[in-house]
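What follows is one structure encoded as structure tokens, with my remarks underneath.
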Amino acid sequence: MSQASSNIVRFESVSLQYGHEPEILRNITFSIAAGSFAFLTGRSGSGKSSLLRLIYLAQRPSQGFVSLFGENISFIERQALPAIRRRLGVVFQDFRLLDHLSTLDNVAIPLRIAGVREEEVRKHVPELLAWIGLARFLHAKPSTLSCGQKQRMAIARAVISRPDLLLADEPTGSVDSCVARRVFHLFIELHKIGTTIIIATHNECLARQFNFPRMHLEGGRLLLLDTQKT
Amino acid sequence: MMFKRRSDFPSAGYLPLAIITVVVFLTTLATASTLILQGIIERWYHDVSGTWTIQVIPVLGDSPAETQQQIDSIMSFLTNTPGISVAQPLNPQQITQLLEPWLDSAELVSNIALPRLIDVVPHTDSLVDAENIILSLINLFPNIHLDDHKNWLNNIIQFGCNLDLFLISLLITIFTLIIIINVHVTRYKIATHRSVIEILHILGAKDDYIALQFAHESLMQGIHGGLLGLILALPVLILITGWLANPLEGDFWQTLQPIQMAMKLIFLPIGVALLAKVTTRMTVYKTLARTVSV
């Protein structure tokens, strides 16, 4: 565990419940230090995506408090959320690309939201797409791309604005093991340049191949908090 | 396309554009028709105001020569009265021509003992004592009737006021209709693109970023639909004015002041487009604030 001041994410006694359904997350307490890399493992339906939703501010906790970049976001006003969200990069399990937009426009969204000038957008996005092997698909729509290509597009969109915290929900769920390994290496490269990374995956074998801390969710509880690795 | 700007949302399609086109088309026709009527009324008012008509009612048993003698006396009186600019008697043929369309026979008209008419135009720059002139005339010539068209002018003024009210009510109705249509179309678009909005929010977009994109699309649809409606209305307007110009003759086109009218009509699509933009933006803010909790 790191010191509280350098914690980028902090959960304290957090529970999450949708309506009158049973609790999905129960009394979760953990913290993630800035610049760290952590795996969030657990079987399908164990609550990994819900925990990530709490971090990327798509959901408010039913109980407890969540702190992000030192701010308690449990009671923060809606108008203040965009500034915090711009420090996040999210790779969704189902990619959530905008089908009517080209690869370039999909990846450019975070830059345009941040108000980056169009000339810079037109310069940086093709550079990144070339780096992840999508240079030929600059103007292609997501529907014309393979699963692996969509995956890389989603990752490119998540990292284009150099977020402080990158969240990836099952980023290798729909790609073969070879592509999965390349994706993980891409995350490691990003981690090396200072990005804090949390990867949710049900693939524990893959997670064990990397020497990073691992949090394990089971039945809505955080059972394992393996923070000894670096 | 004019002012094309990138949007993160798919196009709303042609339905809003078609609605705006139809609304502006109908509004242009109604507004232009009202403006044309106002122009005609102003022309009538201009022609009639500040003029009098003296009716010399023939005395039973008087010969035309005696009536003409009376006309000459009245003319002499008017010519010597200060403040009278023009006094022009209408000859009997002119009066017959005026009445012929109503009575359908020149022969019948010539058999009726019609009053003789004198058009009088007082000086515009002098304060004419109309009542005194009328009293003097009636004292001298008891068989005359002087009409200063006050009743007629009052009716015209009232009709003009009613037209103004009609035009204002029409524009208020149309603009209210556009607001209602826009609010509903925007709410529908927000509901349809809920997933896109959620992604944009998660990627850090403020409501303003989303509202601006919706508003820009509304503005463009307002401009394109408005101009299309205006252009489609032009040939219909030319037909209407051509149809009106025939019976009215004279300097109708000059009275119509087509350039000034075009300047007024061009404000319709601009007004519609700006209204659509503002309404859409406000609706997006309100809807997102009400329906999005995080």
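For the numbers below, each heavy atom of this structure counts, side chains included, while hydrogens, waters and symmetry mates do not. Reminder, nothing fancy here: chain letters follow the sequence lines and each chain counts from 1.
For chain B, no part of A:Leu88 is nearby; none of its heavy atoms comes within less than 4.5 Å. A:Gln79 does not touch chain B: none of its heavy atoms, backbone or side chain, sits under 4.5 Å away. Contacts of A:Arg96 with chain B are made by both backbone and side-chain atoms, with heavy-atom separations under 4.5 Å. For a residue to count as touching a neighbouring chain, one of its non-hydrogen atoms must lie under 4.5 Å from one of that chain's; by this rule A:Arg157 touches chain B with the side chain only.
A:Asn72 and A:Ser67 form no side-chain donor-acceptor contact under 3.5 Å, judged by distance and modelled atom types alone.
With sequence neighbours excluded, no residue forms a side-chain hydrogen bond (donor to acceptor under 3.5 Å, both in side chains) with A:Asn106. Considering only residues two or more places apart in sequence or on other chains, A:Phe92 meets the ring-ring contact (aromatic ring centres under 6.0 Å, His included) condition with A:Tyr56.
At a heavy-atom separation below 4.5 angstrom, chain A is approached by no residue within residues 170-188 of chain B. The stretch residues 191-201 of chain B places B:Ser195, B:Val196, B:Glu198, B:Ile199, B:Leu200, B:His201 near chain A, each with some heavy atom under 4.5 Å from a heavy atom of that chain.
Under a cutoff of 6.0 Å and an axis angle of 45°, B:Arg281 and B:Phe214 do not form a cation-pi pair.
Between chain B and the residues A:Arg86, A:Glu77, A:Gln59, A:Arg112, the largest count of heavy-atom pairs under 4.5 Å involves A:Arg112.
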### Query
Given A:Glu12 and A:Arg10, is the salt bridge (Lys or Arg N to Asp or Glu O under 4.0 Å) satisfied, shown in steps?
CA-CA 7 Å; A:Glu12 214 162 280; A:Arg10 193 157 70 93; 2.5 Å; yes

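Panel note: side chain A:Thr144, backbone A:Ala140; no donor-acceptor pair is recorded below 3.5 Å.
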